[in-house]
Amino acid sequence: MRLGFAVKALGREGLRSNDARRHQNGPHLRVSLSYISEILDYLNDVGIRMYRMSSDIAPYITHPDLPQFHRQIDEAEAELEAIGTKARMLDIRLSMHPAQFIVLNSPDPALVTKSVADLVAAAQILDRMGMGPDAVLVVHVGGTYGDHASGCDRWVATYERLPDSVRRRLVLENDDVRYSAADVLEIHRRTGVRLVFDNLHFNCNNPERQDMRETLAQFLATWPEDVTPKIHFSSPETNFRTVERRDRKTGKTATTTMPPVWIGHADFVHPFEFIDFVRHTAPPNRDFDVMLEAKAKDVALLRLRQDIARYGPDIAPRFGIAVDAFDPADDTIVAEIGEAAAGE
DNA sequence: CGATGTCAAGGAATC
DNA sequence: GATTCCTTGACATCG
C-alpha cells in the first residue's frame, strides 16, 4: 500500500508544482512537466510512491478566450511521454483532482460542456503519459441547487454522455457537506463509476449513519480486482481560534474561543487515528493506496511514516515500512523546514 | 524590496 | 440581485 500527497512538495526547497504565470507571460505545459520531473526525482529520493499532480499544469488549456493555449498537449507530446515513462520507472502512482469549477451536475449545460472539456484535456494528459488505469481523475458530485436527488440524476446523465477517455479515468469522492458516502454509492450502482472514500468527509457528512467499516469496504469493492483502489485520509484541524465578538446584553466586545472547524485539514495526520483506521476499519484482505490531505503535504507523509514505524509496527508491513525505520533522532525533514522558515 | 492586489472559472448563505 | 465566504498560493504590480 502506498502513501501519497497532493500537489505541492514542501520537503525540498525550490520545487514548484505548475507553471502559474499569467497568460500574458506565456506559461506552458512543458514548463509544468519540467517541474514535475524534479518533483519525481525528489519523491524517489525519499521513497514516496504516489503523487497528485496539480490540476493546473496545462495553463488555460480550455480557456474560451485564449485559443493559442489549446494546442499545448500536442506541443508537449514528447515531454508527456518522457514524464510518464519516468513515473512508471520510479513506480510512482499519479492522479489529478480537477478544481471546484468542474461541475458535472450543473443545471447550466454550458458549464457542463466546459467541465467535460477540462476533463477530456486531463484524461488526454494522462493518456499521453501512458499511465495505467490506476491514474485517476477525482471529482465531487457538484452542487445541490436546492434538490439533492435531481443533482444526482444530472450527474448520472452527464456520466452517460462522457467520452470513453474520461470514463476510464473518472472516479467519484464523497464530499464534506453535499453528497454523502451513501449518495455516491447510489451513483456507483447506477453508473459503475469507481469511488474514493474520504474519511474526514465521511465523519462530517454521514446523515444516513452508515457504518464506516462497511462503507469503506463498499467503496473499495467498486474497483476492479486488478486495480488498487485509493482513499483520501486526513485529520481534522484543531487550531485554537479566537474572535472578537459583541456581547448581546452588554454590547461590549470580548475575545471568544471558537470551536474547531472540523472540515478543515490539519497540518499533519494524527498517527493514532490513522493506525486505528488501518487496524480496525480497513479490510485485512484488500489493499488500497492512501492519499494524505494534510497541509504539511509530503512533510506530513514522512512524519506519518515514522509514526507508523514507532506506534503501528503491526500495520507497517502493509505500507512497506520497516519497523526499525523509526529513529528518535531523525527529525531531519521537519528540522529543515523549520530552519528554512527561520532563515527567511 | 516589502506590501498589497489579483487571478478564468462555481456554489451557497446572507441580506 | 449583489455581496461575501470558501480556500489557495503565487504571480504581478505598486510604493
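Naming convention: chains lettered A, B, ... in sequence-line order (proteins, then strands); numbering from 1 in each chain. All values below were derived from every heavy atom in this structure, side-chain atoms included, with hydrogens, water molecules and symmetry-related copies excluded.
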Length of the CG-C1' vector between A/L200 and C/dT7, whole Å: 15 Å
Show which residues join A/V103 in its hydrophobic cluster (side-chain heavy-atom contacts under 4.5 Å, direct or indirect), or state none. A/L111, A/Y145
OP1 or OP2 of B/dA12 less than 4.0 angstrom from a side-chain nitrogen or oxygen of A/Y145, does that happen here? no
Distance check, P atoms only: B/dA13 and C/dT7, in whole angstrom units. 14 Å
Hey, does A/L111 reach any base, or is it just sugar-phosphate, or nothing, if we go heavy atoms under 4.0 Å? sugar-phosphate
Going by side chain to side chain donor-acceptor pair (under 3.5 Å), name the residues that satisfy it together with A/R189, two or more places apart in sequence or in a different chain. A/E186
A/F101 on top of B/dG10's base, within under 5.5 Å and under 30°? no
Give a yes/no on whether any side-chain N or O of A/R178 is located under 4.0 angstrom from OP1 or OP2 of B/dA12. yes
I'd like a table of donor-acceptor pairs (distance under 3.5 Å, sequence neighbours excluded) in which one partner is a side-chain atom from residues 223-231 of chain A, with atom names and distances.
{"from": "A/W223", "atom 1": "NE1", "to": "A/L195", "atom 2": "O", "distance (Å)": "2.7"}
{"from": "A/K230", "atom 1": "NZ", "to": "A/S95", "atom 2": "OG", "distance (Å)": "3.0"}

The side chain of A/D56 is closest to which nucleotide in this list: C/dA12, B/dG10, B/dA9? B/dA9
Going only through I, L, V, M, F, W and Y residues with side-chain contacts under 4.5 Å, is there a path from A/M291 to A/V46? no
side-chain contact (heavy atoms from CB on, under 4.5 Å) with A/T281: which residues, sequence neighbours excluded? A/M212, A/R213, A/L216, A/F277
Compare side-chain N and O positions of A/N25 against OP1 and OP2 of C/dC11 and report whether any pair is under 4.0 Å apart. no
With sequence neighbours excluded, give me every side chain to side chain donor-acceptor pair (under 3.5 Å) pair touching residues 106-123 of chain A. A/T62-A/D118
Do A/D19 and A/R30 sit within salt-bridge range, that is, some charged N less than 4.0 Å from a carboxylate O? no
Separation of C/dC5 P from A/Q100 CD (nearest whole Å): 15 Å
Between the side-chain atoms of A/R21 and the base atoms of C/dC11, is any donor-acceptor pair under 3.5 Å? no
Atom-pair distance (CD on A/E237; P on C/dC6), nearest Å: 11 Å
Quote, to the nearest angstrom, the P distance that separates B/dA8 from C/dA12. 11 Å
Any A/S17 side-chain nitrogen or oxygen under 4.0 Å from OP1 or OP2 of C/dG9: no
What is the distance, to the nearest angstrom, from the CG atom on A/D175 to the P atom on C/dC6? 17 Å
P atoms of B/dG5 and C/dC5, separation to the nearest Å: 15 Å
In this structure, how many angstroms lie between the P atom of C/dA12 and the CD atom of A/Q24, rounded? 8 Å
Hey, do the aromatic rings of A/F274 and A/F319 have their centres closer than 6.0 Å? yes
Can you see if the side chain of A/K8 gets near the phosphate of C/dA10 - specifically, an N or O under 4.0 Å from OP1 or OP2? yes
P spacing across the pair B/dG2 / C/dT8, given as an integer number of angstrom: 26 Å
Quickly work out the A/L66 CG to B/dA8 P distance and round it to whole Å. 8 Å
Starting at atom CG of A/L119, determine the distance to atom P of B/dA9, rounded to an integer number of angstrom. 19 Å
Can you give me the dot-bracket string for DNA chain B, 5' to 3', counting Watson-Crick and G-U wobble pairs with both distances under 3.5 Å, using [ ] for crossing pairs and | for partners on another strand? |||||||..||||||
